[in-house]
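Since the structure comes first, as structure tokens, the remarks are kept for the end.
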Amino acid sequence: MFHSEGESEDSFYTKKIGIIILAIESSCDETSASVCRDGIILSNYTANQTVHEKYGGVVPELASRAHMQNIVPVVDMALSNANCQLSAIDAIAFTQAPGLIGSLLVGAQFAKSISLTLNIPLIAVHHMQAHVLANLINDPKPQFPFLCLTVSGGHTQIILANSTIDLKVIGETIDDAAGEAFDKSAKILGFPYPGGPLIDKYAKSGNPRAFKFAEPQIEKLNFSFSGLKTSILYFLQKEIKQNSQFIQENLTDICASIQYTIINILLKKLKKASLQTGITDICIAGGVSANSGLRKAFKEMGEKNNWNTFIPDFEYCTDNAAMIAITGHFKYLAGDFSDLSVSANAKAAWD
Ligand code: KG4
Ligand code: ZN
């Protein structure tokens, strides 16, 4: 499936021009590959897995099988969209951690094989660091030091970024992630997985102040979302007892109120982090940063507080290999390579 040397006479990237990185992302249920040259993304191709929808969540075994089916054609698409031959690649980057171990292993083994076969450096990338650095893909870019609220299906963190290789977690969830709060609330409402984008869709025409859900009081810059899910569940159970059609009749208002509460919890802590650090270049990242309500409220908060705000393009918010490629590029410049003994890790610590 790969383009081999000499296959296409007019391929622009047959000869080495700048640093070309091929990157693989396979930490959860998206198989993605990207090519970047000197930190410029040339392609970013992602295959989504629809097989999980009917199960209400990602089924790890099905995810790794789908990655095995997808990885060669996805890499092939990324190379051909970048008009790049495999032989022109200078290094291969892959998501090493965190994620589903079976899914990570597919990408890791594939990347190691390429590294071994082409005799090029192997670069192991931390998925959450890559979400943060997705903000450095396009212009305008934040200046260091900047803060980043990273909100995904598995994590909710506030990051202090001092440089491309010096990223510190200064706040994080003590239980569920923001994405889980969206997905679990959506499941209660009867939506298929992942429900976050559906809550976003229905919230657009609802009243965000129609129903009030308690916000947790958590210390420092940390978050908690598990109580919110329980309070939504109890609220709906009580209402449904009196009116079995309560959800159907109030769907847009319920979605808007849930979304409003989650956004409030997130942005209050982000404001606190800015006040504590004095940093005003502020980003958001991760799958939940695709949420239209969060994007709008974040921009509004930025205008009120004189922040410079940054949000990655939509395609770089949810899981994608372009963010692995840009992180791989910075690691390449820092000479931060791995040997073939590196292994995928479901729960790797940040450092
Ligand atoms: O970063 P991501 O693609 O994967 C992980 O690394 O987890 O994030 C996935 C999460 C899911 O919880 C999904 O429901 C949520 O991002 N998400 C959204 C939206 N788009 C994706 N949540 C709310 N509104 C959206 N528009
Ligand atoms: Zn992610």
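Read the numbers this way: they start at 1 and go in the same order the structure lists the ligands and their atoms.
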With heavy-atom distances below 4.0 Å as the criterion, list the atoms of ligand 1 near [X].
X	answer
P194	14 (O)
G179	12 (O)
N291	23 (C), 24 (N), 25 (C), 26 (N)
A290	20 (N), 26 (N)
G154	7 (O)
H131	1 (O), 6 (O)
H127	6 (O)
V288	15 (C), 16 (O)

Check your understanding: Would you call E303 and K299 a salt bridge, taking side-chain N to carboxylate O under 4.0 Å as the test?
Key ->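 Answer for the salt bridge query: no.
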Practice item. Before accepting this row, confirm whether a basic side-chain N of the pair K296/E300 lies closer than 4.0 Å to the acidic partner's carboxylate O. Key: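 Yes, this pair counts.
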Exercise for review: Indicate, with yes or no, if the rings of F314 and Y316 have centres closer together than 6.0 Å.
Suggested key: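 Ring centres of Y316 and F314 not closer than 6.0 Å.
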Check your understanding: Quick check, are the ring centers of F246 and F235 under 6.0 angstrom apart?
Key ->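 Yes, the ring of F246 comes within the 6.0 Å limit of the ring of F235, centre to centre.
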Practice item. Among all protein heavy atoms, pick out the one at the shortest distance from atom 7 (O) of ligand 1; state its residue, atom name and that distance to 0.1 Å. Key: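 The answer is G153 N, 2.8 Å.
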Point to revise | Heavy-atom nearest neighbour in the protein, as seen from atom 3 (O) of ligand 1, with distance rounded to 0.1 Å | key: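 Among all protein heavy atoms, the one nearest atom 3 (O) of ligand 1 is D319 N, 3.0 Å.
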Practice item. Start with the C-alpha gap between D253 and N207, add the side-chain angles, then the distance that decides, and say whether side-chain hydrogen bond (donor to acceptor under 3.5 Å, both in side chains) holds. Key: CA-CA 5 Å; D253 285 349; N207 173 7; 5.3 Å; no
State whether the shortest distance between N or O atoms of [X] and N or O atoms of ligand 1 falls below 3.5 angstrom.
X	answer
F182	no
T318	no
G287	yes

Looking at [X], which of its N, O or S atoms is the nearest one to the Zn ion (ligand 2)?
X	value
H127	NE2
D319	OD1
H131	NE2

Location of contacts on [X] toward ligand 1, heavy atoms closer than 4.0 Å:
X	answer
D183	side chain
H155	neither
D200	side chain

**Study point:** Check: S115 side chain, P121 main-chain N or O, donor-acceptor pair, under 3.5 Å
**Key:**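 No: the side chain of S115 does not pair with the backbone of P121.
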Check your understanding: Any side-chain heavy atom of D175 sitting closer than 4.5 Å to one from T173?
Key ->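 Yes, close enough: below the 4.5 Å cut-off.
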Under a 3.5 Å threshold, yes or no: a donor from one side chain and an acceptor from the other, between [X] and [Y]?
X	Y	result
S43	N81	no
Q157	T150	no
S32	N320	no

**Study point:** Within-shell test, C28 vs ligand 1, heavy atom, strictly < 4.0 Å
**Key:**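 So C28 does not count as touching ligand 1.
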Point to revise | side-chain contact (heavy atoms from CB on, under 4.5 Å) evaluation trace for I263 with F298 | key: CA-CA 9 Å; I263 292 171; F298 171 61; over 6 Å; no
Point to revise | Sole candidate of D176, I265, I218, T156 that passes side-chain contact (heavy atoms from CB on, under 4.5 Å) when paired with S224 | key: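 Exactly one pass, corresponding to I218.
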Practice item. Tell me which one of C317, S292, G196 gets a heavy atom nearest to atom 22 (N) of ligand 1. Key: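 Comparing heavy atoms across C317, S292, G196, the nearest one to atom 22 (N) of ligand 1 lies in G196.
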Check your understanding: Mind checking whether the Zn ion (ligand 2) has an N, O or S of H155 under 2.8 Å?
Key ->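 No.
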Practice item. Would you please test I254 and Y202 for side-chain contact (heavy atoms from CB on, under 4.5 Å) and show each step? Key: CA-CA 9 Å; I254 297 170; Y202 288 103; over 6 Å; no
